[in-house]
2 protein chains.
Amino acid sequence: MTASSPPGSETGRAQPNLTSTLTARLADEIVAGKLPPHTRLPTERSLMETYGVSRTVVREAIAALRADGLVETRQGSGAYVAAEIRNRPFRIDPKGLKSVKQVLDVMELRLCVEVEAAGIAARQRSKADIARMRKVSRAMARAIANGDPAVDLDFELHTVIGTTTGNPYFSSFLEFIGGIIIPRRTILIDDHEHGGTPYLARIQAQHEAIIAAIAKGDAGAARRAMRRHLAEGRDRYRRLVSKDPDEA
Amino acid sequence: MTASSPPGSETGRAQPNLTSTLTARLADEIVAGKLPPHTRLPTERSLMETYGVSRTVVREAIAALRADGLVETRQGSGAYVAAEIRNRPFRIDPKGLKSVKQVLDVMELRLCVEVEAAGIAARQRSKADIARMRKVSRAMARAIANGDPAVDLDFELHTVIGTTTGNPYFSSFLEFIGGIIIPRRTILIDDHEHGGTPYLARIQAQHEAIIAAIAKGDAGAARRAMRRHLAEGRDRYRRLVSKDPDEA
DNA sequence: TCCCTTGAAGTTGTCGTACAACCCTGGTCG
DNA sequence: CGACCAGGGTTGTACGACAACTTCAAGGGA
């Protein structure tokens, strides 16, 4: 079995091993519908022969697919494509975002959830939540004054807002999607033509406006403030990359 | 490691095997922060001894964690907690929704994305998109007239709306979360006290209103129609289960 | 003829062994 | 001090063996 797929390029990772490669190939076939739900996968022996690998590799690949929710195994019977591959987790591969449109599309998805989260947070907030937001915001202000882009603190602030909703699905989703998008704002800050530092100051002012609206319990204002914040970042990103199409 | 869990109640699934059990245990430790990013997991030999299993089981569990994005392995060095466990997929286990609040929380997340998707769909729609929506809606009307709850067609309609956005992340997310929530509306239909058939007719009318707004290119109307539709379903669910707390 | 039981063959689950390929660290030499 | 090497450790792959389970066909009994 030749590993012909591009390497993961993950830090510290030489190249995909046989198990990862087989996992990906089988997953592709399942997702592509070549193996519809309920159908039985080839037996381990058959997969061994087809792909020229040992049973160890086959079993590890099946274990990975099982963990991914794509297959279910029955001892003595076989491995079956899961009845509900709809239950497969929602995934965005940050390294897979190759085009500007893709990044903007993810931003758009994030935007609607963040906006709603801000509104819910305004209704649900406690004093402790607001204190936490303000603490992070102060730390951000200090970091920015020291020339630090404060990406991690930005992420943390959005995470606190998510937690403030009291809805764990909002918070975990925002953490998930924020982890993908927020680090990309470094290119907005590195934009020397328009100056990154004033933009950081704008981000900070926008964060403060969001926090103030949430503290006030004004859901509408919180939503508007969040939408302004994220829409501006998105538009800025769009403008920037339309001048430099290589950056995505 | 003794498998002491009760015999399989899942369809076709005996019970968790040692691999799945170990995978879950290690994943819990990683997610709980007991093993922070970059730290090295115990060696295979150590895990074998700690958990009393063979190396095969350990390796299969590590393969599963690797597929899940939680760990990275380096041959000759060890398995390490992934630098970015933020890249872990977003997951909701439908079987894990045990309480009313949990279901309502997922509904709330779905609502904001569906509302935004309707607005985007109104801006992006093509004639083919609208034709597809109408075709599904007609099929739904026929199914409902035949006494069929038309859950799959409901799901399909929402999937088409997601596709109409032209944003693959909206469509895959809506497919993901719709797969969790839409099947649960069967309890709304099975509610004999208030009559399920009139509710199905309401759903159908609401679908038609959404489609009409999208067809007209009126993003605001599409959003309002979608919000009405989903908010009503959520409120109905909340009322229903507050009378029967066992149903979640 | 139909239904139930039994046994054989097939399949997954686990364990153990062996060797390859790689990594890390400490010691030695230039 | 830096480069190189050897030894020990660790993951990757392959193989063999047996347990536990499933499936299906054949045979026997009602």
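- Distance CG (Leu18(B)) to P (dG16(C)): 12 Å, rounded to an integer number of Å.
- In this structure, Thr56(B) does not reach the dG13(C) phosphate: none of its side-chain N or O atoms is under 4.0 Å from OP1 or OP2.
- Taking atom CD of Gln75(A) as the reference point, atom P of dT12(C) lies 10 Å away to the nearest angstrom.
- In this structure, Glu60(A) places its CD atom 14 Å from P of dC15(D), rounding to the nearest Å.
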Pair Val81(A)-Leu70(A), side chain to side chain contact (heavy atoms under 4.5 Å, CB included): steps then yes or no: CA-CA 6 Å; Val81(A) 177; Leu70(A) 280 185; over 6 Å; no

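- Among the atoms of the strands shown, only primed sugar atoms or phosphate atoms (P, OP1, OP2) are found under 4.0 Å from some heavy atom of Thr43(B).
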Verdict with reasoning, Met140(B) to Leu200(B), per side chain to side chain contact (heavy atoms under 4.5 Å, CB included): CA-CA 10 Å; Met140(B) 261 193 89; Leu200(B) 277 178; 5.9 Å; no

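- Protein atom OH of Tyr80(B) is 9 Å distant from nucleotide atom C1' of dT10(D), rounded to whole Å.
- Contact annotation for Arg45(A): no contact, since no heavy-atom pair falls under 4.0 Å across all strands.
- The pair Arg25(B)-Asp28(B) does not meet the salt-bridge criterion, since no charged nitrogen lies less than 4.0 angstrom from a carboxylate oxygen.
- When the P atom of dC23(C) is taken as reference, atom CZ of Arg40(B) falls 13 Å away, rounded to whole Å.
- Rounded to an integer number of Å, the gap from CZ of Arg59(B) to P of dA14(D) is 11 Å.
- Side chain of Asn17(B), nearest nucleotide from dA21(C), dG13(C), dT13(D): dG13(C).
- Residue Ser77(A) is classed as a sugar-phosphate contact, given heavy-atom separations below 4.0 Å to backbone atoms only.
- As a whole-Å value, the separation of Leu41(A) CG from dG10(C) P is 20 Å.
- Atom OH of Tyr51(B) and atom P of dC15(C) are 15 Å apart (whole Å).
- An OP1 or OP2 oxygen of dT11(D) is reached within less than 4.0 angstrom by no side-chain nitrogen or oxygen of Arg74(B).
- Tested against Arg55(B) for a salt bridge (Lys or Arg N to Asp or Glu O under 4.0 Å), the candidates Glu49(B), Glu44(B), Glu60(B) yield a single pass: Glu44(B).
- Residue Arg55(B) is in base contact, counting any heavy-atom pair closer than 4.0 Å across all strands shown.
- In this model, the phosphate group of dA14(D) is approached by a side-chain N or O of Ser54(A) to a distance below 4.0 Å at OP1 or OP2.
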ring-ring contact (aromatic ring centres under 6.0 Å, His included) between Tyr169(B) and Phe176(B), intermediate numbers included: CA-CA 10 Å; Tyr169(B) 303 106; Phe176(B) 160 74; over 10 Å; no

